[in-house]
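All remarks here apply to the structure that follows.
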Amino acid sequence: MYFDAHNHFQDDWLDPHRELLIEELRRAGIGGMVMNGTCEADWGKVAAIATRTPWIVPSFGLHPWDCGNRGPDWESRLVAALTATPRAAVGEIGIDRWILDRARPDDPRLAGLRRAPLDEQLTVFVRQLALARLLNRPASVHCLDAWGPLLDCLRATPLPSRGFLLHAYGGSAELIAAFADLGAYFSFNGSFLEERRTRNRDAFRHVPPDRLLVETDAPAMPLPPAWTRFSLPPTSSGDAVNHPGNLIGAYEGLAQLRGLPVDGLAELCARNYRRLFLGDA
Ligand SMILES: [Zn+2]
């Protein structure tokens, strides 16, 4: 069984395909996935999909890209979503300096979003970590171009005792031990199998076996063609849609990088997934 530590199965891009995908993924051996909400507007959809699909773990959070557009009641709405679904995790939360320093002003993915300054992102992030701790939930963390500030913040903040995931870990291999000491798990997606991503591939080899996870981030982050096992038609605007079944290609490619048989990596990650997201001992 393969477990997907991080995706966005609620994404509108998957609306035409979702019902078929649910069957197809089970047949392909996908044992579970964490479906991450990113803003107040999608928490209801996340809850509805998870209610009728018990093998999916729902997760509610305010993503750093959406932080600047949050409503005045975001925190009470988040508490309500989390308490209504005791098995839900907290995420996707985090900090992102890329949107401030490197993203193009006309990047279509950021259209209509107010890009919150880092201090504001940190405040919202810390409040969500505090909720995860209070409600005893794991948290899924996004970080782009802000690994130093993230480490400083986590060292100064009471953290969820269940642990937390650094999804699509893009930090250096050198920082892994420091994050792991704080309770971090690390997930890698299939886009890291691209040859040019040598730094990410090197980091993947350094993660302790009991903290390793694999994800798709679907419908984002398509894999290189050699590792793509399933396909979906592109969106009407021509964007590539990553089929969540490509989790299997990600496991196959990443197992090679770790010098493990696929089954060995899958077994390891299944244990880690169950410990972090299902609360198994
Ligand atoms: Zn994500």
Side-chain angles (χ1 to χ4, degrees), residues 3-15 18 21 25 30 32-43 45-47 49-50 56-70 78 81 88-99 103 107-110 113 115-116 121 124-125 128-129 132 137-147 150 164-171 179 184-193 197 200 203-204 213-223 232 235 239-247 250 254 269 273 276-277:
F3 290 84
D4 187 346
H6 186 98
N7 72 26
H8 299 280
F9 195 61
Q10 82 282 8
D11 194 290
D12 293 348
W13 286 5
L14 297 176
D15 285 351
R18 191 170 298 104
L21 280 173
L25 293 172
I30 311 294
M33 57 164 85
V34 183
M35 168 176 52
N36 285 261
T38 57
C39 60
E40 290 151 86
D42 75 4
W43 296 343
K45 189 173 179 185
V46 167
I49 296 168
I56 299 180
V57 174
S59 190
F60 303 107
L62 200 55
H63 189 286
W65 291 11
D66 297 281
C67 166
N69 286 47
R70 68 195 183 282
L78 181 55
V90 175
E92 180 170 353
I93 63 177
I95 55 173
D96 191 313
R97 226 161 33 184
W98 175 84
I99 55 167
D107 188 314
R109 293 169 301 170
L110 298 168
L113 298 178
R115 304 179 192 193
Q121 293 184 32
V124 170
F125 174 52
Q128 295 183 93
L129 281 175
R137 312 292 174 92
S140 291
V141 176
H142 161 114
C143 180
L144 266 185
D145 287 359
W147 296 99
L150 180 68
F164 59 94
L165 172 68
L166 297 179
H167 115 81
Y169 181 70
F179 284 121
Y185 289 69
F186 305 80
S187 65
F188 291 78
N189 64 55
S191 74
F192 289 178
L193 295 167
R197 304 198 66 161
N200 300 127
F204 180 67
L213 287 162
V214 177
E215 60 163 76
T216 59
D217 212 5
M221 299 292 165
L223 285 68
L232 284 171
T235 65
D239 296 302
V241 178
N242 183 19
H243 186 303
N246 288 320
L247 179 67
L254 292 167
C269 293
Y273 179 98
L276 180 60
F277 288 112

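Counting starts at 1 for both ligands and their atoms, in listed order.
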- Task: Would you mind naming the N, O or S atom of D217 nearest to the Zn ion (ligand 1)?
- Result: OD1

- Contact flag H8/the Zn ion (ligand 1), N/O/S atoms, threshold under 2.8 Å: yes

- Task: Return yes if some donor-acceptor pair links the side-chain N/O of E92 with the main-chain N/O of T38 below 3.5 Å, else return no.
- Result: no

- Item | Minimum-distance N/O/S atom that E92 presents toward the Zn ion (ligand 1) | OE1

- Message: Is it the case that the side chains of T216 and D4 hold a donor-acceptor pair, with the cut-off being a distance below 3.5 Å and no angle test?
- Response: yes

- N/O/S atom of H63 inside 2.8 Å of the Zn ion (ligand 1), strictly under: no

- Q121 vs I99 side-chain heavy atoms within contact, under 4.5 Å: yes

- Task: Please work out whether the ring planes of Y273 and F277 are parallel, tilted or perpendicular, with thresholds of 30° and 60°.
- Result: tilted

